[in-house]
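The figures that follow rest on heavy atoms only: side chains count, while hydrogens, waters and symmetry mates do not. Throughout, protein chains are lettered first and strands after them, A, B, ... in sequence-line order, and every chain is numbered starting at 1.
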Amino acid sequence: MSSSLPVLPTPLEEKHPKLPNSFQVSAEMKMMTNLISPQAHPLASNNGTVGYMLSSDFVFPKDINLSSFSSNSSGSQNSLFIPQSSTNGVSLPPISSSGIEIQSTPSVTFSRERKENSWCTDSLKDFLDFPENVPIQNNNQVEGSGGGMSYEDCAKTTDWPDWADRFLNDDDSLEPNWNGLLIDVDVPDPEPKVLKPSSSVLTHQSEICQHHPSQSGEISAVPNSLSPAPSSKPRMRWTPEMHEAFVEAVKQLGGSERATPKGILKLMNVEGLTIYHVKSHLQKYRTARYKPKLSEGTSDKNLTPIGEITSLDLKMSMGITEALRLQMEVQKQLHEQLEIQRNLQLRIEEQAKHLQMMFEKQGKMEDKKLKVSSSIPDEPSSPISNVMQPSPVNHTSEVSEQPHVASGFDAEESSQNVEQKQKAPKTSSHEFINQDKGMSSTPPTKRARAENFLSS
Amino acid sequence: MKFGKRLKQQIQETLPDWRDKFLAYKDLKKLVKLVSSSPAVADGSAAKAEAEFVYLLNNEIEKFNAFFMEQEEDFIIRNKELQQRIHSVIDKWGLNGNHPSDTNYREEMGKIRKDIVDFHGEMVLLENYSNINYTGLAKILKKYDKRTGGLLRLPFIQKVLQQPFFTTDLVSKLVKECESTIDAVFPAVKEEGGVHEREQEAITVAGEGIFRNTVAALLTLQEIRRGSSTYSHFSLPPLILPDPDLIQSIQLQSPIPIV
């Protein structure tokens with residue numbers, strides 16, 4: 001279940017005055033006042049229960065040439081996202097439409113990030129169609145486990161006004177938008193290739209569903225479901241604390257069979273939580289309790305574990321205990337290794353980001369230098385100007401160029417940092433050398449080789 | 001072996017319900033080829049392909065997030081249920097319980113032990129799911145930048161790092177809690193003989209259980225971490241297992257092909 005309002009910041013405030021679920025609106029409005037970035041932040045609620053609402057925040061390539069999109073209605077959120085890179089950005093006209101024509105235009109640098117909540121698989125329709133008895137399956141369509149509210153504080157406050165203004169200025173009321181979208185969306189288009197950047201949440205949702213035409217019923221339902229009460233589309237990320245509150249509320253209301261979602265919602269009193277979240281969670285809860293009760297006392301249950309255990313060929317007449325112990329060991333190792341790997345991956349990207357920033361700084365320094373001494377042939381910086389050649393789109397040259405610059409400037413510092421943080425295998429030095437040699441090649445190739453450097 | 005193949009292997013060896021939830025690596029690769037093959041053409045085809053690429057990436061991430069959070073929610077519920085089950089068994093049939101009964105206690109605890117170990121395994125498999133998809137994303141983005149000279153990788157991956165499906169702290173916490181619960185309720189007994197035997201004989205894991213999946217995941221992880229042609233300064237170092245004998249001694253029997 002997941003019904004959710006599209007998390008369209010400003011437009012939502014203005015354009016959903018008659019949302020039946022006023023709770024939703026206020027929650028959304030509160031969300032709107034914060035910029036959204038894909039980081040989970042706890043939601044404070046009156047009774048201390050916290051939940052995480054998240055939105056996804058994706059990035060659109062800087063140098064993509066997207067110009068006009070045929071749009072039925074403006075003001076819908078683009079499902080393509082824009083990185084916040086340089087401050088001199090060209091605003092992308094609001095996009096909402098069925099087909100789009102992407103024409104090549106002078107490359108445009110986008111400077112804003114779009115927040116999107118497009119949990120397409122959270123379909124309100126599922127809610128409306130399936131009574132509470134239907135167990136939730138884990139498939140693409142019925143990913144109803146608590147449509148999530150996405151809510152994040154965004155650090156990039158500077159982008160907000162631009163983007164908000166855009167919506168304010170350009171948007172029609174959302175109602176007609178939605179109708180327009182519904183019309184668009186109903187056009188069956190299983191082809192993932194056709195881009196349909198319309199109101200991010202809505203069409204995105206249906207498009208994603210259309211990617212899986214095999215799961216039929218729910219797909220076509222999705223667009224239709226959007227016209228009635230739009231509840232929070234964003235998915236709710238449950239926490240153990242929230243679940244505790246949930247269990248407590250259920251207990252107070254007389255048990256999982258008797259408790260109603262509405263009652264639970266009220267008792268829990270968690271900001272941003274909707275009845276749909278509660279509904280789906282309740283369903284899961286009931287299923288989880290029902291299954292073990294089924295198997296209690298039946299002989300079947302006794303057979304199953306043994307059947308599973310003999311998945312180990314008991315060559316050594318291993319007991320169940322020993323088998324389970326072995327299983328635990330493997331699993332523990334896997335867990336440990338995954339944690340280590342994840343931390344490494346985080347560090348690698350941090351480093352890459354750091355290098356990128358350093359490189360940008362140096363690039364800017366060079367820029368100034370060049371401007372100041374424009375008439376003077378700049379020999380020390382000629383390797384730099386080579387590097388600065390890249391397309392007009394990128395004012396910030398790619399990190400991959402860094403090694404070249406680094407060789408001229410803070411090579412010691414950067415390479416030391418890099419080597420301290422990671423045990424560099426011997427091959428790394430070869431990488432350095434290769435890239436130096438590649439300096440005279442064309443930018444894309446340089447980037448290509450240098451990107452090797454940043455392989456993850 | 002290439003990542004694409006490893007991923008395929010992993011998908012084969014994963015829980016059936018999860019099979020379509022993994023990264024569409026192949027499709028993304030095709031798009032990358034499309035983008036890089038048409039730069040010379042002046043029409044918008046390169047841009048279009050690029051937009052498609054981004055679109056697919058975003059969709060995939062959505063998919064991961066939705067699936068991950070759903071599983072996470074399930075884990076939260078099941079965790080609580082297991083805890084309650086354990087407590088009720090101890091209270092009822094434990095030594096100090098209402099109706100102390102050794103046989104019942106053992107029987108119920110036996111079931112619980114199996115369930116909790118599998119529960120632990122599933123959670124770890126979700127972590128593995130998260131990681132392998134991240135790895136795939138990182139690789140495809142790197143390929144993209146390399147082929148097209150684009151600058152997509154860095155900012156995109158920064159976003160990915162913050163996505164719900166990658167922020168696995170809660171699941172990790174639950175895993176650790178599970179481990180301590182197991183240690184507390186099922187204290188480890190020194191089994192000298194068992195260890196000795198394990199070293200000598202290989203263990204074949206057949207069947208479709210969680211154990212099989214976790215073994216497969218660990219092996220795949222190890223393989224992916226082997227050096228590749230693009231191994232560099234920024235690559236992950238090869239996997240070092242604290243107990244290499246453990247995994248070496250386990251073989252996976254080939255799965256019965258699903259017709």
Nearest heavy atoms of [X] and [Y], plus distance in Å:
| X | Y | result |
| --- | --- | --- |
| A/Ser280 | B/Glu73 | OG-OE2, 4.3 Å |
| A/Leu346 | B/Leu161 | CD2-CD2, 3.7 Å |
| B/Leu170 | A/Thr239 | CD2-CA, 4.5 Å |
| B/Phe211 | A/Val330 | CE1-CG2, 3.6 Å |
| B/Gln158 | A/Lys353 | OE1-CD, 3.4 Å |

Say you draw a straight line from [atom1] of [X] to [atom2] of [Y]; how long is it, rounded to the nearest 0.5 Å?
| X | Y | atom1 | atom2 | value |
| --- | --- | --- | --- | --- |
| A/Leu334 | B/Thr220 | CG | OG1 | 9.5 Å |
| B/Asp118 | A/Leu324 | CG | CG | 8.0 Å |
| B/Thr135 | A/Gln345 | OG1 | CD | 4.5 Å |
| B/Glu127 | A/Gln341 | CD | CD | 11.5 Å |

Portion of [X] that has a non-hydrogen atom of chain A nearer than 4.5 angstrom:
| X | value |
| --- | --- |
| B/Gln222 | neither |
| B/Asn104 | neither |
| B/Ser130 | neither |
| B/Ile182 | side chain |
| B/Ile76 | both |
| B/Phe75 | neither |

Any non-hydrogen side-chain atom of [X] less than 4.5 Å from a side-chain atom of [Y]?
| X | Y | answer |
| --- | --- | --- |
| A/Arg237 | B/Thr167 | yes |
| B/Lys176 | A/His335 | yes |
| A/Lys284 | B/Arg78 | no |
| B/Ile77 | A/Arg289 | no |
| A/Ile320 | B/Lys114 | no |
| A/Lys332 | B/Val175 | no |

Item to complete: Against chain B, work out which of A/Glu244, A/Met328, A/Arg342, A/Glu336 has the most heavy-atom pairs shorter than 4.5 Å and name it.
Response: A/Arg342

Discussion item. B/Asp27: which residues meet the side-chain hydrogen bond (donor to acceptor under 3.5 Å, both in side chains) condition with it, sequence neighbours left out?
Written reply: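 For B/Asp27 there are no side-chain hydrogen bond (donor to acceptor under 3.5 Å, both in side chains) partners, ignoring immediate neighbours.
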
Item to complete: Start with the C-alpha distance between B/Val117 and A/Gln331, add both sets of side-chain angles, then the distance that settles side chain to side chain contact (heavy atoms under 4.5 Å, CB included), and finish with yes or no.
Response: CA-CA 9 Å; B/Val117 170; A/Gln331 287 170 187; 4.0 Å; yes

Practice prompt. Would you please test A/Gln333 and B/Thr214 for side chain to side chain contact (heavy atoms under 4.5 Å, CB included) and show each step?
Written response: CA-CA 10 Å; A/Gln333 271 205 35; B/Thr214 49; over 6 Å; no

Item to complete: Under the ring-ring contact (aromatic ring centres under 6.0 Å, His included) rule, collect the residues that match up with A/Tyr285, sequence neighbours excluded.
Response: A/His243, A/Phe246

